[in-house]
Amino acid sequence: MLVSSSQVRRSIPSVDALLKTAHFARLTSEFGRPQVVACLRELLADQRRRLSQADAAAVPDEETLAAECGERLAAAARPSLRPVFNLTGTVLHTNLGRALYPQEAIDAATQAMARPVNLEYDLDGAGRGERDAHVEARLLKLTGAQAAVVVNNNAAAVYLALNTVAAGREVLVSRGELVEIGGSFRIPDIMASSGCQLREVGTTNRTHARDYESSINERTAAIMKVHTSNYEVRGFTAAVPAAQLAAVAHAKGLPMIEDLGCGMLVDLEGFGLPHEPTPSESLAAGVDLVSFSGDKLLGGPQCGIVVGRKDLIERLRRNPMKRALRLDKVRLAALEAVLTLYDDPEKLRIQLPTLRLLTRTATDVQAQAQRLLAATQQALDGLAKVDVAACASQIGSGALPVETLPSAALRLSPQAGGPSEEALAAAFRALPVPVIGRIHEQALWFDLRCLEPSQEAEFTAQLSQVACSRALG
Ligand SMILES: *Cc1c(COP(=O)(O)O)cnc(C)c1O
């Protein structure tokens, strides 16, 4: 005998009755009553809708309802910002949060979060202190600058420098340096928003000292040099070295500003890596203000640092926008801890995750890939062919764009009739700790450079879940 849908609908249990059952009591204690009630109402409404469409569908029992409710609540409770495995091969990946804090910085940041700190309090004089003072002395030692300020990021640093030194006036920049970094930072746009007028000098591939000299007029406030960090102009090119440009600026009594982008504090060649310009080199060449990021090669928290001439830095500090762009106590604590590591280069190479990952040898990564090969092959049996392949890692965040580091990857190649490389990538992204790789030559590549050996067990433990992923259909 057929049961009418209205009869079935009447058999849907009430929210109150369900909440009294043991299954729902467990949910209530985990997620709180209001969340469970709201979710249950939603679920029962879905049931009623379904019943009105398909006659005589069965009402799920309370256990099934509780399981569905539990799944929905767990999904809603899951944080939006979550850890992932960065196996893209790009060490400083802007979309994956750039540099990782060393343990010393994590400890310092945690302290600053949990306890009152002398952020702007002078413990000697019991008076008001300056927050940047906690890192300034170390920055001066590392760069040879007279003074330093720290702000939210390098974009803020460039903004503050331009707004302070050149608002309402002109700044000369080479046409070859009007760069865009990561879509949202463009030199012409930051110029405009900081209130100065961009005056383009020279051509895309060649700019000479005379181009700058002939563009200087009574409205000129500064000359700016931008490190073309994410591309390289090759062939028939000419750019004016910082020292010569500083001389041109100083001859007219103008300051010279440089946006260095990465600004590694020490010479990377000492670690077997390609050379990246340092702030001390710029200052030695006569640049008056140099800005760079804290979370690129420096390996610290997100921040922007400006070092340079004391009188100019003083003006930056007095700019009302400094307050809006200033660094919070947590990142200041982390930055101080990171800068302290720079006292000892050997310790730095081991303790600073950015350098530790960048200096891993291809042989080391290759051995790791071999270690993980069998477990990965087993987990993907019948889904994809897995082998170890040589690849090239990138530093990322615009540093040394044309230099790569030899590395090794687990390469997942689709099999006939099996999931595509895109479906495989989606399945790995859907894991509890999403694994982010790179699609290249019809395969999914997991460059293991950024998989710390201590995380291998966590990586392999979730591999068995790939085969049952919804992403594989
Ligand atoms: C990365 C970069 C920036 C932006 O720095 P953020 O710290 O991301 O704000 C600006 N200029 C150059 C040359 C860069 O490389």
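As the structure lists them, so they are numbered: ligands from 1, and atoms in each ligand from 1. The basis for the numbers below is simple: all heavy atoms, side chains too, and nothing from hydrogens, waters or symmetry mates. A quick note: this is a predicted structure, and the numbers were derived from the prediction, not measured.
Every atom of ligand 1 with a heavy atom of Arg98 under 4.0 Å away is listed here by number and element: 6 (P), 7 (O), 8 (O). Against a heavy-atom cut-off of under 4.0 Å, His227 is close to the following atoms of ligand 1: 13 (C). Proximity to Lys296 (heavy-atom distance under 4.0 Å) selects the following atoms of ligand 1: 1 (C), 2 (C), 3 (C), 5 (O), 14 (C), 15 (O). Close contacts between ligand 1 and Ser293 involve ligand atoms 5 (O), 6 (P), 7 (O) [criterion: under 4.0 Å to a heavy atom].
The distance criterion of under 3.5 Å between nitrogen or oxygen atoms is met by Asn154 with respect to ligand 1. Checked by distance only, ligand 1 and Ala155 come closer than 3.5 Å through their nitrogen or oxygen atoms. Among the atoms of Asp295, none of the N or O lies under 3.5 angstrom from an N or O of ligand 1.
Every residue two or more places apart in sequence or in another chain that forms a side-chain hydrogen bond (donor to acceptor under 3.5 Å, both in side chains) with Glu456 is listed here: Gln368, Arg371. Among residues two or more places apart in sequence or in another chain, the side-chain hydrogen bond (donor to acceptor under 3.5 Å, both in side chains) test is passed with Glu336 by none.
Atom CD1 of Ile106 and atom OH of Tyr101 lie 9.0 Å apart (nearest 0.5 Å).
No hydrogens or angles considered: a donor-acceptor pair under 3.5 Å links the side chains of Glu104 and Gln351.
Partner Asp288 forms a salt bridge (charged side-chain N to carboxylate O under 4.0 Å, His left out) with one of Arg315, Lys310, Lys225, Arg309 and no other, that one being Arg309.
Ring pair Phe85/Phe428: centre-to-centre distance not below 6.0 Å.
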